[in-house]
Amino acid sequence: MPSSALTAAHPLKDVTASDSALRRFLHGLPGVDAVGLEGRAASLGTRSIKTTAKAYAIDLAISMVDLTTLEGADTPGKVRALGAKAVRPDPTDRTTPTTAAVCVYPDMVAVAKEAVAGSGVKVASVATAFPAGRAPLTVKLADVREAVTAGADEIDMVIDRGAFLAGRYLKVYDEIIAVKEACGTSARLKVIFETGELSTYDNIRRASWLGMLAGADFIKTSTGKVAVNATPANTLLMLEAVRDFRAQTGIQVGVKPAGGIRTSKDAIKFLVLVNETAGGDWLDNHWFRFGASSLLNDLLMQRQKLATGRYSGPDYVTVD
Amino acid sequence: MSSVFEYAPAPESRSIVDIAPSYGLFIDGEFVEAADGKVFKTVSPSTEEVLSEIAQAGEADVDRAVQAARKAFEKWSALPGSERAKYLFRIARIIQERSRELAVLETLDNGKPIKETRDADLPLVAAHFFYYAGWADKLDHAGFGANPRPLGVAGQVIPWNFPLLMLAWKIAPALATGNTVVLKPAETTPLSALFFADICRQAGLPKGVVNILPGYGGAGAALVAHPDVNKVAFTGSTAVGKEIARTVAGTRKKVTLELGGKGANIVFDDAPVDQAVEGIVNGIFFNQGQVCCAGSRLLVQESIQDELLESLKRRLSTLRLGDPLDKNTDIGAINSEEQLTRITSLVDQGEAEGAERWSPACELPESGYWFAPTLFTNVTQAHTIARDEIFGPVLSVLTFRTPDEAVAKANNTPYGLSAGIWTEKGSRILAVANKLRAGVVWSNTFNKFDPTSPFGGYKESGFGREGGRHGLEAYLDV
């Protein structure tokens with residue numbers, strides 16, 4: 001039985017009472033017109049961000065990066081290097097903000113924790129049988145507990161897309177609730193939908209609300225491991241969802257686009273989406289993150305360009 | 001909206017466009033003074049700065065221009081279609097090459113944001129010339145019988161809201177079908193038409209095929225009444241359109257009129273709300289609402305009224321009003337002081353009649369002609385603001401309970417140019433669209449234009465179609 005994350009006073013507590021109630025609620029959400037959504041995202045992409053606004057946006061984007069390494073070949077050395085980079089992104093300019101977090105597999109949490117100790121940089125870990133999510137719930141929960149015990153500040157969980165696409169929303173909801181419980185009070189929970197596999201915008205909106213109803217602290221587009229990851233359109237849609245959710249419940253939820261955001265220009269476009277959709281309340285790294293690995297170096301090079309007036313090149317930023 | 005993220009100004013450079021201190025009339029391939037030496041000034045609506053001094057056409061000039069066009073018609077109409085197409089393709093390409101310059105020019109002269117001239121006006125202008133260039137050698141296959149003939153000299157009068165785009169809508173099909181043209185741009189926005197005259201010279205267009213006569217209503221009236229004009233095309237107010245209809249009545253002139261509108265934007269309770277809000281904004285705040293097909297009446301289903309209005313108000317709070325040359329500006333200046341006065345007086349009337357007025361917190365620049373985006377709620381069909389065309393950034397919100405009521409209210413207007421339907425239910429789109437008396441019905445979008453799509457009105461919104469294959473008919477003897 002679901003141990004409802006929504007307190008008795010929650011205005012939406014009834015909608016999770018049964019599978020059919022939840023389905024009725026999710027399918028009753030306003031539809032999404034794909035052409036209109038993509039048109040709006042594209043038009044916000046034409047905002048011209050220059051000079052002081054650009055400098056501000058670049059520093060903001062750096063502070064929102066979850067510096068990520070999720071490879072089978074990850075070693076403690078690689079993770080330590082990543083931690084050092086998160087703490088000191090640009091050794092030549094100590095005014096550079098730290099990144100928000102480093103994001104690693106559960107077995108690397110302890111190493112990462114040590115590497116960023118005392119810096120304020122958080123350690124995030126992808127648990128719950130990332131990236132497929134195809135494991136029994138007991139295994140997923142054990143995965144989460146290991147990471148939390150090792151000191152993870154944030155857990156990035158993937159939902160069971162198979163259950164979602166089959167319309168078994170309550171199963172997905174219950175899993176999120178269980179993982180949230182396993183996170184305890186020390187770790188914030190990011191729920192990954194893998195939007196590329198959900199395939200329709202209507203599904204992405206439903207998944208967003210499902211995740212928020214179950215108590216997600218963040219909703220996240222994707223794992224970065226499939227063909228279609230974060231796009232301006234799916235992020236815009238999720239920003240609309242957190243905005244509407246807060247308006248209805250008073251609860252603020254963060255958003256994290258992940259995968260495929262590689263350039264400063266792209267990152268700034270996403271910040272424009274945040275600014276003009278959810279609003280200024282989401283413009284800090286407690287409420288918005290970039291899941292990225294190669295984005296940081298481009299941000300650093302752009303930052304150096306603004307400071308010195310000329311481009312330096314890839315050898316003037318560290319490889320990891 | 002309070003935000004920690006303030007965009008720095010991002011102005012487009014003015015230096016790309018070179019505006020001369022004075023311009024003549026363009027007659028028979030030359031820039032010439034007006035016969036009576038009269039001139040007028042054109043100002044930038046966002047700053048009230050005088051941009052240039054323009055020769056003002058009078059009756060004698062109209063006669064000269066029509067004669068030049070008549071003379072040019074002999075050769076131009078005798079050219080093979082494929083030859084005329086070459087000129088039109090050349091003009092289209094030059095427009096593309098000079099599009100940034102023309103976009104800045106149009107923004108300076110009209111007051112609309114550079115974002116719109118750059119992303120909407122200019123691409124459409126080029127597209128219209130390309131599209132009708134493609135038709136020039138295929139007129140035999142356009143469905144009007146073999147070898148349809150041109151009409152002769154076309155007298156064209158265009159408005160100030162889309163100066164260059166309306167020019168393209170008029171001139172491209174006229175030339176493609178073998179007619180020659182005398183065109184009068186609006187007195188507040190003559191510059192882009194004069195730059196177009198220069199483009200005609202650059203393209204080597206034969207003298208007299210296109211003549212441009214900046215001037216006031218008097219010149220337009222003289223052009224319409226000129227006995228040697230075979231075809232009159234007008235876009236503008238319904239009042240002037242009626243005047244023109246009276247003038248040409250009983251003559252052999254062919255006429256098309258594209259007049260005012262009071263478009264209904266109908267939002268059903270199952271609409272995609274966020275996209276509907278964008279469509280409402282685009283429908284009424286595009287070009288500061290100075291669009292004849294603007295969705296100036298929002299008809300929203302009663303059950304979602306509160307939710308939708310809340311979303312709409314929040315969205316309006318993010319609109320950026322100000323310097324139209326700033327690339328981040330969404331709302332520019334009203335075209336003229338006269339138009340601003342008209343908007344203000346209609347809005348005052350709306351308030352006096354008891355409708356509830358709302359605008360987002362919005363600072364207006366000190367010089368220039370500005371009007372904040374405005375929303376009226378508690379509006380009924382009996383309010384003046386629900387009936388009269390305001391031609392400004394003012395939206396009237398009405399409600400309905402059933403689809404039949406929505407259709408009845410949407411059609412209950414002297415106009416019939418455009419309408420919008422927002423619903424996720426496809427069958428409802430088709431059912432409602434069939435019942436709406438409007439020339440264009442958009443569904444789940446608004447204010448989309450394309451050269452291949454015919455455009456025109458019912459009732460007091462005029463008659464005849466521009467654009468598409470239908471647009472050819474207005475310039476052919478069929």
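Within every chain, numbering begins at 1; the chains are lettered A, B, ... in the order of the sequence lines, protein sequences first and strands thereafter. Keep in mind that the numbers below use all heavy atoms, side chains included, and drop hydrogens, waters and symmetry copies.
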Problem - Leading residue by heavy atom contact count with chain A [cutoff under 4.5 Å; candidates B:E424, B:K115, B:E278, B:K327] - result: B:E278

Problem - Proximal component of A:L271, with respect to chain B [non-hydrogen, under 4.5 Å] - result: both

Problem - Contacting region of A:V35 [heavy-atom separation from chain B under 4.5 Å] - result: neither

Problem - B:N328 side-chain N/O to A:R47 backbone N/O, donor-acceptor pair under 3.5 Å - result: no

Problem - Closest non-hydrogen atom pair between B:R118 and A:T46, with its separation - result: NH2-CB, 4.1 Å

Practice task
Count the heavy-atom pairs under 4.5 Å between each of A:K54, A:K50, A:R243 and chain B, then report the option with the highest count.
Solution key: A:R243

Problem - Leading residue by heavy atom contact count with chain A [cutoff under 4.5 Å; candidates B:D330, B:D270, B:D119] - result: B:D330

Handout entry: Residue selection (most heavy-atom pairs with chain A, distance under 4.5 Å) from B:A10, B:A271, B:A8
Key = B:A8

Completion exercise
Shortest non-hydrogen pair, A:N275 vs B:F5, comes out as ND2-O, 3.6 Å

Problem - Proximity breakdown for B:A276 and chain A, heavy-atom pairs closer than 4.5 Å - result: neither

Exercise for the section: Using a 4.5 Å cut-off on heavy atoms from C-beta on, say whether the side chain of B:W422 contacts that of A:D33. Expected result: no

Handout entry: Heavy-atom pair with the smallest gap, counting every atom of B:Q275 and A:V32
Key = OE1-CA, 3.6 Å

Fill in the blank from the handout: Okay, A:D284 and chain B: the region with an atom under 4.5 Å from a heavy atom over there is neither

Handout entry: Gap separating the CG atom of B:D274 from the CZ atom of A:R205, nearest 0.5 angstrom
Key = 4.5 Å

Handout entry: Heavy atoms from other residues, nucleotides or ligands near CD of B:E302 exceed 12 (cutoff 6.0 Å)
Key = yes

